[in-house]
Amino acid sequence: MVPSESAGWRELLQGPSNGDHFVQVYNDESFLLEAVAEYAGTGLRRGEGVVIIATPAHRAAFVQQLEGHGVAAEETLRRRQLLLLDAEETLGRFTPGGMPEWQSFHALIGNVIAKLRLEYPRVRAYGEMVDLLWQRGAREAAIRLEEFWNDLAGLQTFSLLCAYSMDNLDQAAYSGPLECICRVHSHLIAVRDYKRFNEAVVEASAAVLDPTLADMLLSLSERHRPQTAMPQGQATLLWLQHNMPRTAQKVLAQVRSRYGG
């Protein structure tokens, strides 16, 4: 699938291409549940294999959400079309000394993907091991793990969705975390409503800047979009932070009042 620039997150997660590496940042658990159910549920309904590597609380919530979306999750678990792995336990098996180790990761995760590919035409993986590392301050280890996932995608065919507990309307996210995470992903999913978010950024820019200058800056940010696919409004905020940080803070505050409120 080659989504349009205006494609929303549901369309993206329904039809990923092999090698797609999505990242969702969220501060609302219900948004996470919706996204994972859309991604995994669509795959299961299409006869694809799915592996979910998550915390116990999230695994239980995902199964409940899938059932609520009409997916017979328990049946897919019995026939091993859906695999549920514990994030902390799985992470511990390839992080001696706290850093991911490629051979152990490849042997463990690569084997899981390979076994599913023997039984199913496509494989979707969801993982939050990276977020466990990120939240405990091991950011270098988290990015290393993301790079290992990308290396594995170069050897095997599957798509991947990762998730981080992070607020894209929090100024702290623009001091490096968002940009750092984007570098190792093909798509960023940060908001539920792309259209309303994009409009909020345009309105916020016009409120902070002279309208003519706002239009010029929006045009510049459009021409210098990051390599990672994301809503135009998100790309604009990142561009402003990189080029006009003081203005970016004011625009972000306006976006929070318009979209976050």
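These numbers were taken from a predicted model, which means no experiment stands behind them. We number each residue from 1, following the sequence as shown.
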Pair [X] + [Y]: basic N to acidic O under 4.0 Å:
X	Y	answer
R256	D170	no
E88	R59	no
E119	K115	no
E89	R93	no
R196	E199	no

Is it true that a side-chain atom of [X] and a backbone atom of [Y] form a donor plus acceptor pair closer than 3.5 Å?
X	Y	result
T90	A87	no
E128	Y164	no
E67	E74	yes

Please answer: with hydrophobic residues joined when any side-chain heavy atoms are less than 4.5 Å apart, are [X] and [Y] in the same cluster?
X	Y	value
I109	L132	yes
W239	V202	no
M99	L133	no
L155	L116	yes
M216	L240	yes

Can you list the steps and then say if V50 with L83 is a side-chain contact (heavy atoms from CB on, under 4.5 Å)? CA-CA 6 Å; V50 175; L83 302 179; over 6 Å; no
With no hydrogens and no angle check, just 3.5 Å: does a side-chain donor-acceptor pair link [X] and [Y]?
X	Y	answer
R117	T157	yes
E179	H242	no
R192	S30	yes
R10	Q14	no
Q232	T236	yes
E38	H69	no

What orientation do W102 and F105 show, parallel under 30°, tilted 30 to 60°, or perpendicular over 60°? tilted
Aromatic rings H187 and F22: how do their planes relate, parallel, tilted or perpendicular, breaks at 30° and 60°? tilted
Over all heavy atoms of both residues, which pair between [X] and [Y] is shortest? Give the atoms and the distance, please.
X	Y	result
Q234	A190	OE1-CB, 3.7 Å
G233	F197	C-CE2, 3.7 Å
M230	C182	CE-SG, 3.9 Å
L82	L77	O-CD2, 3.3 Å
A173	D167	CB-O, 3.5 Å
L66	A73	CB-CB, 4.2 Å

Residues forming a ring-ring contact (aromatic ring centres under 6.0 Å, His included) with Y26, sequence neighbours excluded: none
With a 4.5 Å limit on heavy-atom distance, are the side chains of [X] and [Y] in contact?
X	Y	answer
H185	I181	yes
N198	K195	no
I113	V51	yes
F148	E101	no
Q24	L13	no
Y194	L12	yes
T228	V23	no
L32	E29	yes

When rounded to the nearest 0.5 angstrom, what distance separates [atom1] in [X] from [atom2] in [Y]?
X	Y	atom1	atom2	value
E140	R144	CD	CZ	6.0 Å
L217	S205	CG	OG	7.5 Å
T247	L209	OG1	CG	5.5 Å
M244	Q249	CE	CD	12.0 Å
L91	I53	CG	CD1	10.0 Å
E147	L152	CD	CG	13.5 Å

Do R124 and Y39 meet the cation-pi criteria used here (NZ or CZ under 6.0 Å from the six-membered ring centre, within 45° of the axis)? yes
Determine whether the aromatic ring centres of W9 and F31 lie less than 6.0 Å apart. yes
Indicate, with yes or no, if the rings of F62 and Y126 have centres closer together than 6.0 Å. yes
With side-chain contact (heavy atoms from CB on, under 4.5 Å) as the test, would you mind laying out the steps for N27 and N168 before giving the verdict? CA-CA 8 Å; N27 68 338; N168 80 307; over 6 Å; no
Mind running side-chain contact (heavy atoms from CB on, under 4.5 Å) on C180 and I143 for me, showing each step along the way? CA-CA 8 Å; C180 182; I143 297 303; 3.7 Å; yes
Is there a side-chain contact (heavy atoms from CB on, under 4.5 Å) between V36 and Q65? Walk through the geometry before answering. CA-CA 9 Å; V36 175; Q65 190 83 0; over 6 Å; no
